[in-house]
Protein chains: 2
Amino acid sequence: MLSIGDLSKRTGVKVPTIRYYEQMGLIEAAERSEGNQRRYERHDLERLAFIRHARDLGLDIPAIRELIALSQHPDQPCANADRIAADHLIAVREKLEKLKKLEHELERIISHCDGHSIEDCYVIRALSDHGLCEGEH
Amino acid sequence: MLSIGDLSKRTGVKVPTIRYYEQMGLIEAAERSEGNQRRYERHDLERLAFIRHARDLGLDIPAIRELIALSQHPDQPCANADRIAADHLIAVREKLEKLKKLEHELERIISHCDGHSIEDCYVIRALSDHGLCEGEH
DNA sequence: TCTTGAAGCTCTAGTCACTGGAGGAATTAT
DNA sequence: ATAATTCCTCCAGTGACTAGAGCTTCAAGA
């Protein structure tokens, strides 16, 4: 039996976050000690590790809830789980594209600036004048 | 003289967002019509375009506030403006790195799954068992 | 057994950058 | 003149936590 602090240390999920996940229905409400403190077992540890991992991959809470629900029907096809992951991959790739454009734009803006006065500062000018941009955004 | 709706159409910034920027001190409180409606001029349009552009680049509101303050002292050196942009570039690159790792991990998880039952689903298994991951995260 | 300090509890509010709705007033078009 | 649209303010909600107040319980040492 683990206290919430033990669970936190073992999974790297902060204590208030564990309580938050309980509130969000990602983990079942834990058993309580006589003094009303949460007590966890091995399967809670596994569940929380699952959630942690999925969050690290950037999945949001509704997606995780769905994956948990799916994982509790081992005999069903896993097309839905694959779809969740695939949709997320698409979103990740879109973000990547956007960030790459930002990176280039920022590099360009910074490299054009000679570092003298604000009046001539390319950073400020580029922000003021969209026409100085390369490409659309 | 533009109404807030006109300004919104011209800049692509939604009406409530313009009011929000005013509240945040990014744009000055606009003049008002007799009936208390906001009326804007050319320089408001430019200021809002500046903000829009900076937000598109991912700069946060405090950074934009600082850039605006800097832009109002044309005779000062622009090292601070450059620093803001450079710091942001670093943050963008860090996010890029993280997302690339996520992309690979998701690709790997998805490609390993044969699409049959949840019981064998690699998506679910990979989330449950961190040991199946490549690299750290 | 007593004490003390850490860790637990609930509840509320704050974060960031908006976004949406209610309820009412002003403006514009017909 | 009337109808449709836009505007106003104020308040609440978003996502995924995070932090604090004020209180209770637990574990370890004396």
Side-chain angles (χ1 to χ4, degrees), chain A residues 1-27 29-41 44 47-48 50-68 84 87-88 91-92 95 98 102, chain B residues 1-27 29-41 44 47-48 50-68 84 87-88 91-92 95 98 102:
Chain A
M1 297 294 256
L2 302 168
S3 72
I4 197 168
D6 296 334
L7 190 64
S8 170
K9 270 169 217 145
R10 295 241 212 154
T11 57
V13 179
K14 290 183 186 163
V15 169
T17 306
I18 296 174
R19 290 197 275 249
Y20 171 75
Y21 286 159
E22 179 184 313
Q23 215 184 316
M24 292 298 102
L26 294 189
I27 52 183
E31 287 175 54
R32 300 293 181 119
S33 72
E34 280 189 13
N36 196 34
Q37 300 195 352
R38 290 169 178 82
R39 293 291 174 257
Y40 296 95
E41 297 186 63
D44 296 305
R47 166 71 64 89
L48 194 53
F50 180 102
I51 295 167
R52 171 87 210 266
H53 195 172
R55 285 292 303 131
D56 283 348
L57 289 175
L59 291 161
D60 62 15
I61 283 177
I64 296 172
R65 222 192 313 259
E66 203 176 336
L67 286 173
I68 289 170
I84 290 171
D87 284 354
H88 185 57
V92 165
K95 266 193 206 159
K98 263 195 142 178
L102 286 190
Chain B
M1 297 293 256
L2 303 167
S3 72
I4 196 168
D6 297 333
L7 190 64
S8 170
K9 269 169 217 146
R10 295 241 212 155
T11 57
V13 178
K14 289 184 185 161
V15 169
T17 306
I18 296 174
R19 290 196 275 250
Y20 170 75
Y21 287 159
E22 179 184 312
Q23 215 184 316
M24 293 298 102
L26 294 189
I27 52 182
E31 287 175 53
R32 300 293 180 118
S33 72
E34 281 188 12
N36 196 35
Q37 299 195 354
R38 290 170 178 83
R39 292 293 175 254
Y40 296 95
E41 298 186 64
D44 296 304
R47 166 69 65 88
L48 194 53
F50 180 102
I51 294 167
R52 171 87 211 266
H53 195 174
R55 285 292 301 133
D56 283 348
L57 289 175
L59 291 160
D60 62 15
I61 284 178
I64 296 172
R65 223 192 311 261
E66 203 175 336
L67 286 173
I68 289 170
I84 291 170
D87 284 354
H88 185 56
V92 165
K95 266 192 207 160
K98 263 196 141 180
L102 286 190

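Order of the sequence lines sets the chain letters (A, B, ...), proteins ahead of strands, with each chain counted from 1. Basis for what follows: all heavy atoms, side chains included, without hydrogens, waters or symmetry-related copies.
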| message | A:Glu31: which residues meet the side-chain contact (heavy atoms from CB on, under 4.5 Å) condition with it, sequence neighbours left out? | response | A:Met1, A:Glu41
Roughly how far, to the nearest 0.5 Å, is the [atom2] atom of [Y] from the [atom1] atom of [X]?
X       : Y       : atom1 : atom2 : value
A:Leu59 : A:Ile84 : CG    : CD1   : 8.0 Å
B:Tyr40 : B:Leu48 : OH    : CG    : 8.0 Å
A:Arg65 : A:Ile51 : CZ    : CD1   : 10.0 Å

| request: For B:Arg52 and B:Val13, work out which heavy atoms get closest and say how close. | output: CD-CG2, 3.5 Å
| field | Minimum heavy-atom distance A:Leu102-B:Asp56, with the two atoms named | value | CD2-O, 3.4 Å
| note | Heavy-atom nearest nucleotide on DNA chain C taken for B:Gly35 and for B:Thr17; more 5' hit belongs to B:Thr17
| note | DNA chain C nearest-nucleotide lookup for B:Arg39 and B:Leu59: closer to the 5′ end is B:Leu59
| task | Not counting sequence neighbours, list each pair that qualifies as a side-chain hydrogen bond (donor to acceptor under 3.5 Å, both in side chains) and has a residue in residues 8-24 of chain A. | result | A:Glu22-A:Arg38
| query | Which of residues 4-13 of chain B have a heavy atom under 4.0 Å from DNA chain D? | reply | B:Ile4, B:Gly5
| said: Quick check for you: name the first and last nucleotides of DNA chain C, 5' to 3', having an atom under 4.0 Å from a heavy atom of chain A. | reply: C:dG8 to C:dT10
| remark: Residue set satisfying side-chain hydrogen bond (donor to acceptor under 3.5 Å, both in side chains) with B:Glu66, at least two apart, ordered chain then number -> B:Arg83
| How would you list, by chain and number, every residue that makes a side-chain hydrogen bond (donor to acceptor under 3.5 Å, both in side chains) with B:Asp6, sequence neighbours excluded? | B:Ser3
| note | Its 5'-most and 3'-most nucleotides having an atom under 4.0 Å from a non-hydrogen atom of chain A, DNA chain D is contacted over D:dA16 to D:dC26
| said: Over all strands shown, is B:Arg55 touching base, sugar-phosphate only, or nothing at heavy-atom distances under 4.0 angstrom? | reply: sugar-phosphate
| Between B:Arg38 and A:Pro62, which is nearer to the 5' end of DNA chain D once each is assigned its nearest nucleotide? | B:Arg38
| query | Taking for each residue the nucleotide of DNA chain D with the nearest heavy atom, is it A:Ser33 or A:Tyr21 whose nucleotide lies nearer the 5' end? | reply | A:Tyr21
| task | Ignoring hydrogens and angles, tell me if any N or O in the side chain of B:His88 forms a donor-acceptor pair with the backbone of B:Ala63 under 3.5 Å. | result | no
| Worked verdict on A:Ile27 versus A:Asp44 for side chain to side chain contact (heavy atoms under 4.5 Å, CB included) | CA-CA 7 Å; A:Ile27 52 183; A:Asp44 296 305; 5.5 Å; no
